[in-house]
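These notes are about the structure you will find just below.
Each residue takes its place number in the sequence, starting with 1.
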Amino acid sequence: MCGRFALDAPLDALIETFVVTHNRFPDWVPRWNIAPTTMVPLIVDTTAETRTRILGPARWSLTPSWSDTLETKYPTFNARSETAATKPTFRDGVKNYRGIIPASGYFEWHTEGRIKTPHYIAPTDGLFAFAALYSTWGSGANTTVTATILTMDAPAQLLAIHPRSPVALPRDSWDQWLDPAVVGDNTLVQAAVAQSAEVYRSVTEHVVRPLHGDSPDLISPREDDSLLPEN
């Protein structure tokens with residue numbers, strides 16, 4: 001986890017839900033098959049004279065600012081919560097560059113032998129607020145904001161599908177996670193992991209069709225005889 005997610009909320013709903021004061025992603029449209037390296041909405045707080053909440057585009061796969069290239073040699077769309085605070089790629093994000101990536105739900109594949117069956121996991125109400133880290137790569141007109149989603153051991157009810165899940169923040173923890181005045185460390189990350197239990201108490205999951213294209217049909221429950229699992 002998490003290699004695909006959906007976000008079918010329109011821009012106005014994201015602005016309202018996350019109390020955004022500045023929108024830098026005016027061309028966002030709902031999507032149902034979001035893959036790594038796609039530009040996704042990222043919510044961050046900044047401090048100038050007053051605290052400001054910004055929604056802007058970020059490339060989903062974190063590239064540290066010191067990297068020679070935007071493309072990394074290894075996958076960085078997820079960061080393990082257990083080691084993010086100490087890994088060179090992610091530790092600056094934990095300290096100073098934390099954000100939220102909203103999602104309507106995410107996809108996970110249950111693997112049995114050579115057969116992979118996709119499941120869609122979603123909150124029963126509202127949106128997921130995935131704990132994210134971000135970085136800026138490049139300079140000037142070539143600057144790109146990049147981001148990763150923290151992951152953790154899956155909650156008990158989802159373990160049969162996959163051993164990992166995204167760290168999902170409850171609403172009352174958003175402000176602290178986003179607060180740029182808070183210097184983050186492993187304690188902050190582990191607190192976010194513990195708080196995710198509240199979110200995962202109210203989720204649903206169902207089997208879906210193989211992910212091809214990008215349409216609302218991708219998150220609909222699959223009829224037993226409609227399509228075979230992915231091979």
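- Summarising the geometry, atom CG belonging to Asn33 is positioned 8.5 Å from atom OG1 belonging to Thr38; distances are rounded to the nearest 0.5 Å.
- Hydrophobic cluster membership differs between Leu158 and Val207, with clusters built from Ile, Leu, Val, Met, Phe, Trp and Tyr side chains linked at under 4.5 angstrom.
- Side-chain contact between Pro41 and Leu14 is present, with heavy atoms from C-beta onward closer than 4.5 Å.
- Contact between Ser165 and Tyr106 at its shortest, heavy atoms only, is OG-OH, 3.3 Å.
- Interatomic distance, His110 NE2 to Glu112 CD, rounded to the nearest 0.5 Å: 4.5 Å.
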Residue pair Val94, Leu188: steps toward the side-chain contact (heavy atoms from CB on, under 4.5 Å) verdict: CA-CA 8 Å; Val94 171; Leu188 181 68; 5.8 Å; no
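- Applying the ring-ring contact (aromatic ring centres under 6.0 Å, His included) test between Trp174 and each of Phe130, Phe18, Phe128 identifies Phe18 as the sole match.
- Side-chain contact of Arg53 with Thr21: a donor-acceptor pair under 3.5 Å is absent, judged by distance alone.
- Counting only heavy atoms from C-beta outward, the side chains of Val20 and Thr17 never approach each other to under 4.5 Å.
- The neighbour count for His206 NE2, taken as heavy atoms of other residues, nucleotides or ligands under 6.0 Å away, is above 12.
- Between Val167 and Ser81, the shortest heavy-atom distance links the atoms CG2-CB, 4.4 Å.
- Judged by distance alone, with hydrogens and angles left aside, the side-chain atoms of Thr124 form no donor-acceptor pair with the main-chain N or O of Val203 at under 3.5 Å.
- Ion pairing of Asp185 with Lys95 is absent here, as no side-chain N (NZ or NE/NH1/NH2) approaches a carboxylate O to less than 4.0 Å.
- At most 12 non-hydrogen atoms from other residues, nucleotides or ligands lie less than 6.0 angstrom from CD of Gln176.
- To the nearest 0.5 Å, atom CH2 of residue Trp28 and atom CG of residue Leu55 are 9.5 Å apart.
- Judged by distance alone, the side chain of Trp60 and the main-chain N or O of Phe77 form a donor-acceptor pair under 3.5 Å.
- Salt bridge status for Glu71 with Arg59: present, with a side-chain N to carboxylate O gap under 4.0 Å.
- Sparse packing is recorded around CD of Glu16, with 12 or fewer heavy atoms of other residues, nucleotides or ligands lying under 6.0 Å away.
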Stepwise side-chain contact (heavy atoms from CB on, under 4.5 Å) test for Thr89 and Trp66: CA-CA 9 Å; Thr89 299; Trp66 41 260; 4.3 Å; yes
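- Across every non-hydrogen atom of Ser104 and Ala9, the tightest pair is OG-N, 4.0 Å.
- Note that CG of Asp217 and CZ of Arg222 are 14.5 Å apart. Values are rounded to the nearest 0.5 Å.
- Counting heavy atoms of neighbouring residues, nucleotides and ligands inside a 6.0 Å radius, atom OH of Tyr97 does not exceed 12 of them.
- Without hydrogens or angle criteria, Arg164 side chain to Thr151 main chain gives a donor-acceptor distance under 3.5 Å.
- Under a hydrophobic clustering in which Ile, Leu, Val, Met, Phe, Trp and Tyr are joined whenever their side-chain heavy atoms come within less than 4.5 Å, directly or via other members, Val40 and Ile54 fall into the same cluster.
- For the residue pair Glu205 and His119, a side-chain donor N or O sits within less than 3.5 Å of a side-chain acceptor on the partner.
- Taking 4.5 Å as the limit, some side-chain heavy atom of Thr146 sits within range of a side-chain heavy atom of Leu70.
- Gly99 approaches Leu178 most closely through the heavy-atom pair CA-CD2, 3.5 Å.
- Note: Gln195 CD to Ser173 OG = 4.5 Å, rounded to the nearest 0.5 Å.
- Going from atom OG of Ser215 over to atom CZ of Arg31 covers 11.5 Å, rounded to the nearest 0.5 Å.
- Salt bridge status for Arg98 with Asp45: absent, with no side-chain N to carboxylate O gap under 4.0 Å.
- Note on Leu11: it clusters hydrophobically with Leu42, by side-chain heavy-atom contacts below 4.5 Å among ILVMFWY residues.
- At least one side-chain heavy atom of Asn23 sits less than 4.5 Å from a side-chain heavy atom of Phe25.
- Using a distance-only test at 3.5 Å, with no hydrogens or angles considered, no donor-acceptor pair links the side chain of Ser61 to the main chain of Thr76.
- Using a 4.5 Å heavy-atom threshold, the side chains of Ile219 and Asp8 count as touching.
- Contact between Trp109 and Pro118 at its shortest, heavy atoms only, is NE1-CB, 3.4 Å.
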Steps toward side-chain contact (heavy atoms from CB on, under 4.5 Å) verdict (Arg51, Thr46): CA-CA 6 Å; Arg51 188 164 170 177; Thr46 64; over 6 Å; no
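- Residues Pro30 and Leu7 have side chains not in contact (no heavy-atom distance under 4.5 Å, counting atoms from C-beta outward).
- Residues Trp137 and Leu133 fall into different hydrophobic clusters, defined by Ile, Leu, Val, Met, Phe, Trp and Tyr side chains chained together at heavy-atom separations under 4.5 Å.
- With no hydrogens or angles considered, no side-chain donor-acceptor pair links Tyr120 and Thr204 at under 3.5 Å.
- Here the side chain of Ser202 pairs no donor or acceptor atom with the backbone of Glu198 at under 3.5 angstrom.
- Listed here is the closest heavy atom pair of Ala147 and Ile101: CB-CD1, 4.1 Å.
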Check the pair Leu159, Asp153 against side-chain contact (heavy atoms from CB on, under 4.5 Å), reporting the backbone distance first and the verdict last. CA-CA 8 Å; Leu159 272 174; Asp153 287 338; 6.0 Å; no
